[in-house]
Novice: 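Questions regarding the structure given below will be posed in turn.
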Number of protein chains: 2
Amino acid sequence: MRDRPNVPIKPAVRRTTLAVDVVVLSPRADALAVLLVRAPVGAREKWTLPWDAPQPGEGLEDAAARIASAALGTAPAYFEQVGTLSDGRRHPGEADVSVGIAALSPASADAPMEEAEWFPLAGLPALAPRHRTVVDRAAAVVRQRVDQSPLAFRLLPPTFTLSDLQAVYELLLGRRLHKASFRRALQASYLVEPTDEWHSEGRGRPAQLFRYAPRKRRGARRGVRFDLFTE
Amino acid sequence: MRDRPNVPIKPAVRRTTLAVDVVVLSPRADALAVLLVRAPVGAREKWTLPWDAPQPGEGLEDAAARIASAALGTAPAYFEQVGTLSDGRRHPGEADVSVGIAALSPASADAPMEEAEWFPLAGLPALAPRHRTVVDRAAAVVRQRVDQSPLAFRLLPPTFTLSDLQAVYELLLGRRLHKASFRRALQASYLVEPTDEWHSEGRGRPAQLFRYAPRKRRGARRGVRFDLFTE
DNA sequence: TGACATTGGTGACGAATTGTTACTAATTCG
DNA sequence: CGAATTAGTAACAATTCGTCACCAATGTCA
């Protein structure tokens, strides 16, 4: 590391090409799935993430909603930025800068449009390197934030059984959870409320349906947790 | 909500102007402080965040390091994106899109350069609306991630006392922590190791110095926590 | 009709973690 | 020396968590 000349920068904007790349996630067949669209003929890969440039005056999340809707047929319920990339990796539209956005869609959402298809996260086809990175970041962000943010509820229809909810958590966390503990913790969290409806799915006792209805929490904050330092 | 025509988007990149806005954070005088630089004469506000456009081929975090170094005189230890903004709010350089990046700098770092100054988070001068938003997001992200990521250690010199560390956590969390609980939790986390050195600061018993040295954790993962849903 | 398989739901108990009190240790100040 | 101040910890109480065991409500099938 050598000395840096002690002159202030004269800041100035610079023109670049920008794309919004959307990772639509949904639980399909007991796995987290990503929505991909067929790439134009002649592209290096057969599939890409849904992407486009934001229109003038259009916010990034608004652009993501438009882009996802075009592939899914309906707008996802939730969007979250997962990072902006500007490195050497190739983008299918040669954008200099990509804004990666994760979108969550309930399992019950309609089938995707003609040129789009769900792929399980573990079995994706080849993607442009930039898109591959965006997918990995989206998965990591969603998995990491699942207990800070009501992400899991955005992957379920408006009413759901507690077993459904637990299954989504297990999908996101990648491990089994204990039924009684899960329910006790959920109870204490005041995040859901029961409805009058019951869901009967063939065998077994019918399950009560719940809806996401977070209430004010008792203010008792806990000490620090040095947990979860996964890196 | 009306019907959307069922035609696929033809994605294309679009040229925009891009800026990287850096929020350098450091504990100063028992408060989290932000580094601001004097704006050019004639600007609407007297101060701005350090910002610039990334150079061609320069990664966003690399750009943030360069921009922060120019204002601080030395490179911060840690960078984290806090979101990319593209809304109507005014940017001092009229950039369409801003990438907000939080940079953490230890309390011991040298005094800033001539045109730069530390301001406590709670008492910032007027900033361009876009910069105001970036600062708020940076503060929120840092506060929210403090127990998932070793952020607190980046706000301290390489060796520090446990009281110093606790003070940083209290600064970030905005509440007092209990000494014995804090130390017990830290012990169990295997994140720090003692050094041979001791720090004497005038009155009171000297404190042992520790360094950040995370070790592999025992794999026992816990159940879900529905905690921290602050929204 | 009546076992039994299957899924939903909960009480209760011991283990582990966390909050708190109260103490000891090492230093400076006067 | 004793008071003040900061560091560090043992130990106990309160709470939370993991688990087991069980009951409930439904479909299946002999």
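Proteins get letters first, then strands, A, B, ... in listed order; numbering begins at 1 in each. Everything quoted here is computed from the prediction, not taken from an experiment.
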Novice: Between B/R66 and B/D52, does any NZ, NE, NH1 or NH2 come within less than 4.0 Å of an OD or OE carboxylate oxygen?
Specialist: yes
Novice: I'd like to know if the side chain of B/E170 and the backbone of B/L177 have a donor-acceptor N/O pair within less than 3.5 Å.
Specialist: yes
Novice: Just one of B/Y169, B/Y212, B/Y190 clears the ring-ring contact (aromatic ring centres under 6.0 Å, His included) bar with A/F226, so which one?
Specialist: B/Y169
Novice: Please work out which of the three classes, parallel, tilted or perpendicular, describes the rings of B/W47 and B/F119, given edges at 30° and 60°.
Specialist: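 Ring orientation of B/F119 relative to B/W47: perpendicular.
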Novice: Given that B/F210 and B/V224 both sit by DNA chain D, which one's nearest nucleotide is further toward the 5' end?
Specialist: B/F210
Novice: Among residues at least two apart in sequence or on other chains, which ones pass side chain to side chain contact (heavy atoms under 4.5 Å, CB included) with A/K179?
Specialist: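 Here the qualifying residues are A/Q166, A/R183.
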Novice: Quick test of your reading of the model: are A/R132 and A/D136 salt-bridged, counting only N-O distances below 4.0 Å?
Specialist: yes
Novice: In residues 176-185 of chain B, what residues come within less than 4.0 Å of DNA chain D, judged by heavy atoms?
Specialist: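 Under 4.0 Å from DNA chain D: B/K179, B/A180, B/R183, B/R184.
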Novice: Using residues 198-211 of chain A as the side-chain source, report each donor-acceptor pair under 3.5 Å to any protein atom, sequence neighbours left out, with the distance given to one decimal.
Specialist:
unit_1: A/Q208; atom_1: NE2; unit_2: A/T195; atom_2: O; d: 3.0
unit_1: A/R211; atom_1: NH1; unit_2: A/E193; atom_2: OE2; d: 2.9

Novice: Let me know the distance between CG of B/L186 and P of C/dT17, rounded to the nearest Å.
Specialist: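 Taking atom P of C/dT17 as the reference, CG of B/L186 is at 16 Å.
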Novice: With the threshold set at under 4.0 Å for non-hydrogen atoms, list the residues of residues 193-203 of chain B touching DNA chain C in residue-number order.
Specialist: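 Per residue number, the list reads B/G202, B/R203.
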Novice: Return no unless some side-chain N or O of A/R225 is found under 4.0 Å from OP1 or OP2 of C/dT18.
Specialist: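 It does, given that an N or O in the side chain of A/R225 lies less than 4.0 Å from OP1 or OP2 of C/dT18.
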Novice: In residues 156-167 of chain A, which residues come under 4.0 Å of DNA chain D by heavy atom?
Specialist: none
Novice: Between B/S105 (side chain) and B/S26 (backbone), is there a donor-acceptor pair under 3.5 Å?
Specialist: no
Novice: Could you give the distance from CG (B/L25) to CZ (B/R143), rounded to the nearest 0.5 Å?
Specialist: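 Rounded to the nearest 0.5 Å, the CG-CZ separation comes out at 9.0 Å.
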Novice: Between atom CD in A/Q187 and atom P in D/dC17, what is the gap in whole Å?
Specialist: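 Between P of D/dC17 and CD of A/Q187: 14 Å.
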Novice: Give a yes or no answer on whether the side chain of B/H131 reaches the backbone of B/T48 with a donor-acceptor pair at less than 3.5 Å.
Specialist: no
Novice: Using five base pairs at each end, measure the axis-to-axis angle across the helix from C/dT1-D/dA30 to C/dG30-D/dC1 and round it to 10 degrees.
Specialist: 10°
Novice: Under the side-chain contact (heavy atoms from CB on, under 4.5 Å) rule, what do B/L172 and B/V168 come out as? Steps first, then yes or no, please.
Specialist: CA-CA 6 Å; B/L172 292 175; B/V168 168; 4.0 Å; yes
Novice: Between B/F160 and B/F153, how do the two ring planes meet: parallel, tilted or perpendicular, split at 30° and 60°?
Specialist: tilted
Novice: For the side chain of B/Q81 and the backbone of A/T84, is there at least one donor-acceptor N/O pair under 3.5 Å apart?
Specialist: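 Checking the backbone N and O of A/T84 against the side chain of B/Q81, a donor-acceptor pair under 3.5 Å is found.
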